[in-house]
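Structure first, commentary second.
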Amino acid sequence: MKAEPTPVCAQGAQCVEEQRLYLSWALGYGQRSNPLYGGEELPLVILPDIYYYSRYWFFDNGKLGSSLALSDNWQLSVLGQFNQEKGYFQKWFGGNLMQFNHTAMVGPSYAEERSAQVVSVRQVSKRPTAFDLGVQLDWFNEDWQAQAILWQDISNTYQGQHASISIGRNWQLNSGLWQATAKLNWKSAKLIDTYYGIDNNEPFYLPRYDGRPSWQPELRLSWQKPVSERVSVLAFVRYLHLDDAMTLSPLVRSDNVTTWFLGVSYRFY
């Protein structure tokens, strides 16, 4: 939807202006699948895009932090956000609203039945809300962006970490601005165990499962075409693959999460 703040700004790119509030709403339709037994798919109808960058701090769609420009092409940030994992268990979890800046394609799931006994989200205890603190390193030029980020639970909820590395490219064409991104996510055993494990705190008749570290590759494609100064047509798709660290859990029925959206965005500020 937008480029990361950068001193180098390609012609036609949407660059962040310092000390200016940006607020837009996209109206359309899309959906995020839910890989859990009993988990509800999330309809995407109205998507907010809210960010503000000052000289010393920023708010960007649910992330609050501070950045330091290391050079014209490198930037280091410290930031915090609510962990997104709970969004699969609670349909209207607040963190679900802010995570779809650029996201997935709906497709069939080829996951097999991995356990004779499956577990619905309604059978397990309520999963906790966690808050993470992250360190993020960005590199960018006119066409490419790369990012590495490490998150640590500072709320003492799951007492673990997760991290990601990604690389993306922009294309400014007559048809609009395109962005493709490849990303690799890593989630620690403590995170997976807290949300997808089945332990002695669950009903005794459920099968036990201990989580372990998970590697989850992700592909994204987004498109945006300005219609006027404030109105744009946009679309995005995302495919997230889940490895067997998650799919072996009796809670998980699918080996992927797919997300898509098509709509019209209006910029208020």
Side-chain angles (χ1 to χ4, degrees), residues 1 25-50 61-62 81-115 117-130 158 162 164 181 183 185 187 191-192 194-198 202 206 209 211 214-224 233-265:
M1 300 273 285
W25 292 85
L27 177 64
Y29 187 74
Q31 197 172 73
R32 186 197 66 184
S33 67
N34 194 313
L36 307 184
Y37 286 103
E40 297 183 74
E41 294 183 340
L42 181 67
L44 306 178
V45 178
I46 301 178
L47 301 184
D49 191 11
I50 307 169
N61 290 290
Q81 71 168 4
F82 287 103
N83 188 278
Q84 302 297 314
E85 222 66 39
K86 186 176 178 178
Y88 296 126
F89 294 85
Q90 184 176 324
K91 183 176 182 179
W92 300 117
F93 171 59
N96 279 336
L97 293 176
M98 292 290 191
Q99 61 173 309
F100 298 112
N101 301 11
H102 38 205
T103 17
M105 183 163 53
V106 170
S109 168
Y110 299 101
E112 300 176 354
E113 291 286 330
R114 285 162 290 271
S115 173
Q117 184 175 5
V118 299
V119 178
S120 167
V121 295
R122 299 176 180 85
Q123 295 176 278
V124 297
S125 58
K126 184 177 180 181
R127 275 10 186 191
T129 300
Y158 63 88
H162 59 105
S164 66
T181 304
K183 186 176 184 180
N185 303 281
K187 298 176 181 180
L191 187 155
I192 297 297
T194 297
Y195 289 95
Y196 307 103
I198 308 294
E202 318 292 355
L206 299 181
Y209 182 74
S214 177
W215 293 90
Q216 302 176 7
E218 179 180 332
L219 294 175
R220 307 180 182 186
L221 179 66
S222 64
W223 166 78
Q224 185 169 351
V233 181
L234 59 90
F236 60 75
V237 294
R238 185 189 78 161
Y239 179 88
L240 175 68
H241 180 75
L242 307 178
D243 67 358
D244 60 4
M246 273 193 62
T247 58
L248 289 176
S249 168
L251 273 168
V252 180
R253 62 178 174 83
S254 172
D255 64 0
N256 65 78
V257 179
T258 58
T259 313
W260 63 276
F261 180 81
L262 174 64
V264 177
S265 172

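For the side chain to side chain contact (heavy atoms under 4.5 Å, CB included) with Tyr195, the lone residue among Val124, Asn83, Leu36, Leu251 that qualifies is Asn83.
Scanning all heavy atoms of the two residues, the minimum distance from Asp255 to His241 falls at O-ND1, 3.3 Å. In terms of heavy atoms, Leu242 sits closest to Thr247 at O-CG2, 3.7 Å. When every heavy atom of Val121 is checked against every heavy atom of Gly39, the shortest pair comes out as CG2-N, 3.9 Å. The nearest pair of heavy atoms linking Val252 to Tyr37 is O-CE1, 3.5 Å. Nearest heavy-atom pair across Ser265 and Leu234 is CB-CD2, 3.3 Å.
Proximity of Tyr196 to Leu248: side-chain heavy atoms (C-beta onward) are nowhere separated by under 4.5 Å. Residues Glu85 and Leu191 meet the side-chain proximity criterion, which asks for heavy atoms closer than 4.5 Å. Between Phe236 and Leu262 there is no side-chain heavy-atom pair separated by less than 4.5 Å. Residues Tyr239 and Val257 are not in side-chain contact: their nearest non-hydrogen atoms beyond the backbone lie 4.5 Å or more apart. At least one side-chain heavy atom of Leu206 sits less than 4.5 Å from a side-chain heavy atom of Gln123.
Between Arg122 and Glu40 there is no salt bridge, since none of the side-chain N atoms of the basic residue sits less than 4.0 Å from a carboxylate O of the acidic one.
By the side-chain hydrogen bond (donor to acceptor under 3.5 Å, both in side chains) test, Ser214 is found to be paired with Gln216, Asp243, residues two or more places apart in sequence or in another chain being considered. The salt bridge (charged side-chain N to carboxylate O under 4.0 Å, His left out) check on Asp244 picks up Arg212, with sequence neighbours excluded. Listed by chain and number, the residues in a side chain to side chain contact (heavy atoms under 4.5 Å, CB included) with Glu41 are Gln31, Ser33 (sequence neighbours excluded).
Ring geometry for Trp260 versus Tyr29: interplanar angle over 60°, hence perpendicular rather than tilted (30 to 60°). Classification of the His162-Tyr158 ring pair by plane angle, with boundaries at 30° and 60°, yields tilted.
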Check the pair Glu202, Arg127 against salt bridge (charged side-chain N to carboxylate O under 4.0 Å, His left out), reporting the backbone distance first and the verdict last.
CA-CA 11 Å; Glu202 318 292 355; Arg127 275 10 186 191; 2.9 Å; yes
Could you walk me through whether Asp49 and Trp25 pass the side chain to side chain contact (heavy atoms under 4.5 Å, CB included) test, one step at a time?
CA-CA 6 Å; Asp49 191 11; Trp25 292 85; over 6 Å; no
Residue pair Asn185, Leu240: steps toward the side chain to side chain contact (heavy atoms under 4.5 Å, CB included) verdict:
CA-CA 9 Å; Asn185 303 281; Leu240 175 68; 3.7 Å; yes
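The structure places OG1 of Thr258 at 13.0 Å from CG of Leu219, a figure rounded to the nearest 0.5 Å.
For the 3.5 Å distance criterion, the side chains of Ser222 and Arg220 fail to qualify, holding no donor opposite an acceptor.
With hydrogens and angles disregarded, no donor-acceptor distance shorter than 3.5 Å links the side chain of Gln90 to the backbone of Gly87.
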